[in-house]
Peer 1: 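My questions will all concern the structure given below.
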Amino acid sequence: MKLPAAFITKYQQLLGDEADAFFAAFDEPVEKGFRVNPNKAVTPAMQAKMTDPIAYSKIGYYGKVNGNALEHLAGAVYSQEPSAMTVGEVARPALNERVLDLCAAPGGKTTHLLSYLQQTGLLVTNEINPKRVTALGDNVERYGARNAVITNESPAHLAKAFPGFFDRILVDAPCSGEGMFRKDPDAMQYWSTDYPAECATRQREILTETVKMLRPGGHLIYSTCTFAPEEDEQMMAWLLATYPEFELEPIEKVAGMVDAKPEWADGNPELKKAARLFPHLMRGEGHFIAKLVYHGTTKPKNLRTVRDELKPDQRKLWAQAQKQLRLPNFNDLALQVHGDQLYGVPELMPMTRKLKVFRSGIHLGTFKKKRFEPSYALALASDDLDLPKLAITHDQWATYVHGETFDLDAAVATNGFMVLTCDNLPVGFGKAVGRTVKNFFPKGLRFLATDDKTVL
């Protein structure tokens with residue numbers, strides 16, 4: 001790999017005797033990895049893939065997975081670069097926490113956080129770039145989340161809406177991307193000697209707004225996929241100097257991780273508590289991670305939370321659907337309608353009428369004339385719900401994702417909407433009428449599922 005000359009000079013000076021091994025790592029093969037969703041079933045194909053576990057993640061494995069495989073489309077696996085998994089593990093939230101993933105697209109770290117929240121609490125996952133927020137929405141939906149709200153906002157606007165609100169905030173900051181050079185050589189085109197300093201300016205702006213949203217005792221997890229001290233150790237030195245209310249917490253160093261380098265910043269030995277992930281020392285592309293606890297006195301405002309907003313006729317149709325589909329009351333969700341679309345918004349979510357909300361909770365379905373049609377998202381989130389379910393074969397699944405109706409060997413006992421499952425994973429809704437299953441797989445997602453496309 002032809003690295004920028006200025007990049008080579010910089011890290012020769014910083015790494016000294018380690019520099020040759022560091023540069024040699026860029027010519028090694030890219031490491032691939034994937035996580036399993038602990039809230040979903042493990043299929044035989046997944047079990048066969050889970051042979052090379054990642055030491056620092058109980059749900060992470062080395063290896064490559066196919067994006068069109070049943071398991072990926074059903075949210076049971078997520079492809080993620082191995083060193084990036086460290087961030088989700090360090091940020092691991094407790095049940096029922098209020099969590100913000102501030103720079104979230106395409107959703108790798110968001111889905112990691114969802115794995116540990118287990119449908120409890122609230123996850124606000126934000127992406128400022130409107131072109132990237134759609135991918136974030138797709139991954140959150142695929143993962144089967146009922147406790148997530150997706151926003152498309154600036155940190156400053158979020159800070160006004162959520163003062164002192166969150167128990168945990170993850171800032172996987174936009175950075176110079178030096179850790180992605182091996183995985184994505186095009187990233188080198190954007191790099192210059194001044195680029196890390198430019199990124200650092202933006203990172204300080206983001207962190208300034210982030211502080212306003214943390215409750216006293218809350219945690220901030222800061223990460224980048226760059227090696228640049230300007231964006232890593234020096235950024236944490238700036239944060240500690242500017243906000244002495246923060247305290248770094250030590251990160252356990254395993255599988256080749258090393259202490260961050262105080263000598264690359266102001267020399268504060270506390271910086272060693274943060275973690276460095278270098279490609280010549282571990283199986284991954286590279287990351288920097290710091291975990292901090294906030295001892296400040298931010299006073300949250302008394303925010304009004306969301307409430308049900310169904311009209312009487314909509315409530316009647318929803319009640320009929322609940323009875324037919326054995327749907328629970330979803331007491332932790334507020335039911336809201338946008339147009340003819342019904343959403344379940346986590347009850348911890350404040351009223352946010354001035355924010356750009358891409359998806360306000362889980363899409364539950366659509367109000368049609370005199371009936372309610374359940375959504376694809378509801379099916380994917382039904383693993384722990386006692387909805388009517390119908391097991392189908394892999395061949396029937398291939399027919400289903402192509403958008404076709406298919407027949408069963410025998411008629412179902414009761415007609416109506418059913419969650420179709422394959423290898424115990426919910427894959428969408430079908431409507432059973434006798435021996436026939438009508439197709440409700442979303443039209444925009446349909447594809448021809450040939451073996452070469454769908455083998456995990």
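All of these numbers come straight from a predicted model, not from anything done at the bench. Positions are given from 1, in the same order as the sequence printed here.
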Peer 1: Between R168 and E97 (salt bridge meaning N to carboxylate O under 4.0 Å), is one present in this structure?
Peer 2: yes
Peer 1: Rounded to the nearest 0.5 Å, what's the gap from CG on D259 to CG on L271? Could you check?
Peer 2: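 These two atoms lie 10.5 Å from each other.
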Peer 1: Measure the spacing between CG of D232 and CD1 of I289 and express it to the nearest 0.5 Å.
Peer 2: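 D232 CG to I289 CD1: 10.0 Å, rounded to 0.5 Å.
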Peer 1: What I'd like to find out is whether the side chain of F227 reaches to under 4.5 Å of the side chain of P279, using heavy atoms alone.
Peer 2: yes
Peer 1: Nearest 0.5 Å, what's the CG-CD distance between L136 and E141?
Peer 2: 11.5 Å
Peer 1: Using a 4.5 Å cut-off on heavy atoms from C-beta on, say whether the side chain of L220 contacts that of Y294.
Peer 2: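 Counting from C-beta outward, Y294 and L220 never come under 4.5 Å.
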Peer 1: Would you check if the side chain of R182 reaches a backbone N or O of G284 as a donor-acceptor pair within less than 3.5 Å?
Peer 2: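 Checked: pair present.
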Peer 1: Taking the side chain as everything from C-beta on, heavy atoms only, tell me whether Q12 gets closer than 4.5 Å to F23.
Peer 2: yes
Peer 1: Will you find, in the side chains of E231 and T224, an N or O donor that is under 3.5 Å from an N or O acceptor?
Peer 2: no
Peer 1: What verdict does the side-chain contact (heavy atoms from CB on, under 4.5 Å) test give for H112 and Y78, after you've listed the backbone C-alpha separation in whole Å, the side-chain angles of each residue and the deciding distance to 0.1 Å?
Peer 2: CA-CA 9 Å; H112 204 156; Y78 187 95; over 6 Å; no
Peer 1: Under 3.5 Å, is there a donor-acceptor pair between the T111 and N37 side chains?
Peer 2: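 Absent: no donor and acceptor within the cut-off.
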Peer 1: Would you confirm whether E178, through its side chain, and A228, through its main-chain N or O, come within 3.5 Å as a donor-acceptor pair?
Peer 2: yes
Peer 1: Has R132 got a side-chain atom pairing as donor or acceptor with E127's backbone, closer than 3.5 angstrom?
Peer 2: no
Peer 1: Rounded to the nearest 0.5 Å, what separates atom CG in L114 from atom CG in N39?
Peer 2: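 Here the rounded value is 8.5 Å.
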Peer 1: Does some side-chain heavy atom of L158 sit less than 4.5 Å from a side-chain heavy atom of M213?
Peer 2: yes
Peer 1: Apply side-chain contact (heavy atoms from CB on, under 4.5 Å) to the pair F162 and L100, showing each step before the final yes or no.
Peer 2: CA-CA 10 Å; F162 298 102; L100 170 64; over 6 Å; no
Peer 1: Hey, are the side chains of F358 and V140 touching, using non-hydrogen atoms and a 4.5 Å cut-off?
Peer 2: no
Peer 1: Give a yes or no on this: more than 12 heavy atoms of other residues, nucleotides or ligands lie within 6.0 Å of atom NZ of K389.
Peer 2: yes
Peer 1: Checking H402 against N439 for the side chain to side chain donor-acceptor pair (under 3.5 Å) test, could you report, in this order, the C-alpha distance in whole Å, the side-chain angles of both residues, the deciding distance, and whether it holds?
Peer 2: CA-CA 9 Å; H402 196 232; N439 199 302; over 6 Å; no
Peer 1: Could you give the distance from CG (L348) to CG (N96), rounded to the nearest 0.5 Å?
Peer 2: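 With rounding to 0.5 Å, CG (L348) is 8.0 Å from CG (N96).
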Peer 1: Restricting to non-hydrogen atoms, name the atom on K40 and the atom on P426 that form the minimum distance, rounded to 0.1 Å.
Peer 2: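 So the two residues come closest at NZ-CG, 4.0 Å.
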Peer 1: Does any N or O in the side chain of K253 come within less than 3.5 Å of the main-chain N or O of I251, such that one atom is a donor and the other an acceptor?
Peer 2: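 Confirmed, K253 side chain pairs with I251 backbone.
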Peer 1: Does the ring of F330 carry R146 above it, NZ/CZ under 6.0 angstrom from centre and within 45° of its axis?
Peer 2: no
Peer 1: Can you tell me if N424 has over 12 outside heavy atoms packed within less than 6.0 Å of its CG?
Peer 2: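 Result for CG/N424: open.
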Peer 1: Return yes if some donor-acceptor pair links the side-chain N/O of E81 with the main-chain N/O of E31 below 3.5 Å, else return no.
Peer 2: no
Peer 1: Could you check whether K261 pairs with E233 (Lys NZ or Arg NE/NH1/NH2 to Asp/Glu carboxylate O, under 4.0 Å)?
Peer 2: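 E233 and K261: not salt-bridged.
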Peer 1: Mark yes or no for whether K64, through its side chain, and F34, through its backbone, hold a donor-acceptor pair below 3.5 Å.
Peer 2: no
Peer 1: Does atom NZ of K183 have more than 12 heavy-atom neighbours from other groups under 6.0 Å away?
Peer 2: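 Incorrect, the count does not exceed 12.
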Peer 1: Hey, is D172 close enough to K109 for a salt bridge, meaning N to O under 4.0 Å?
Peer 2: yes
Peer 1: Which heavy atom of A161 sits nearest a heavy atom of L355, and at what distance?
Peer 2: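 Scanning both residues completely, I find the closest heavy atoms to be CB-CD1, 3.6 Å.
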Peer 1: How far apart are the C-alpha atoms of K212 and E209, what are their side-chain angles, what is the distance that settles it, and do they pass the salt bridge (Lys or Arg N to Asp or Glu O under 4.0 Å) test?
Peer 2: CA-CA 6 Å; K212 301 173 185 176; E209 301 301 332; 3.0 Å; yes
Peer 1: If I compare all heavy atoms of V36 with all of M46, which pair ends up nearest, and what's the gap?
Peer 2: CG1-CE, 3.8 Å
Peer 1: Whether the T242 and R204 side chains hold a donor-acceptor pair (N or O, under 3.5 Å, no angle test) is what I'd like checked.
Peer 2: no
Peer 1: Out of curiosity, Q336 CD to S360 OG, how far, rounded to the nearest 0.5 Å?
Peer 2: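 These two atoms lie 6.0 Å from each other.
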Peer 1: How close do A104 and T110 get, heavy atom to heavy atom, and via which atoms?
Peer 2: CB-OG1, 3.5 Å
Peer 1: Between K356 and I128, is there a donor-acceptor pair closer than 3.5 Å when you use the side chain of the first and the backbone of the second?
Peer 2: no
Peer 1: Compute whether any side-chain donor of one residue and acceptor of the other, for H280 and D20, lie under 3.5 angstrom apart.
Peer 2: no
Peer 1: Would you say the side chain of D52 lies within less than 4.5 Å of the side chain of Y61, judging by non-hydrogen atoms?
Peer 2: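 Heavy-atom side-chain distance check fails, nothing below 4.5 Å.
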Peer 1: Kindly indicate whether the side chain of W238, heavy atoms from C-beta on, has any atom under 4.5 Å from the side chain of L207.
Peer 2: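 In contact.
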Peer 1: Is there a side-chain contact (heavy atoms from CB on, under 4.5 Å) between F166 and V124 once you walk through the steps?
Peer 2: CA-CA 9 Å; F166 291 104; V124 176; 3.9 Å; yes
Peer 1: Under 4.5 Å between any side-chain heavy atoms of C175 and C225, yes or no?
Peer 2: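 With C-beta onward as the side chain, the pair touches.
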Peer 1: Judged by atom type as modelled, is there a donor-acceptor pair below 3.5 Å linking the side chain of E18 to the main-chain atoms of L15?
Peer 2: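 Looks like no, no N/O pair under 3.5 Å.
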Peer 1: Okay, side chain of S382, backbone of L385: is any donor-acceptor separation there less than 3.5 Å?
Peer 2: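 Checked: no pair found.
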Peer 1: Of all the heavy-atom pairs spanning C422 and W397, show the shortest one and how long it is.
Peer 2: SG-CB, 4.2 Å
Peer 1: At their closest point, which heavy atom of A187 faces which heavy atom of G177, and how far apart are they?
Peer 2: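 Of all heavy-atom pairs spanning A187 and G177, the closest is CB-O, 4.4 Å.
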Peer 1: Tell me every residue that passes side chain to side chain contact (heavy atoms under 4.5 Å, CB included) with R215, counting only those two or more places apart in sequence or in another chain.
Peer 2: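 Residues passing side chain to side chain contact (heavy atoms under 4.5 Å, CB included) with R215: D167.
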Peer 1: Quick one: does any side-chain atom of N129 pair with a main-chain N or O of K131 as donor and acceptor, under 3.5 Å?
Peer 2: yes
Peer 1: Please identify each residue that fulfils ring pair (Phe, Tyr, Trp, His ring centres under 6.0 Å) with F441, with sequence neighbours left out.
Peer 2: Y376, Y400
Peer 1: Between E247 and H295, is any side-chain donor less than 3.5 angstrom from a side-chain acceptor?
Peer 2: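 Side chains of E247 and H295: pair found under 3.5 Å.
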Peer 1: I would like to know whether N147 and L122 meet side-chain contact (heavy atoms from CB on, under 4.5 Å); could you show each step before the answer?
Peer 2: CA-CA 5 Å; N147 59 337; L122 168 68; 6.0 Å; no
Peer 1: Anything under 30° is parallel, anything over 60° is perpendicular, the rest tilted; go ahead and classify F22 against F278.
Peer 2: perpendicular
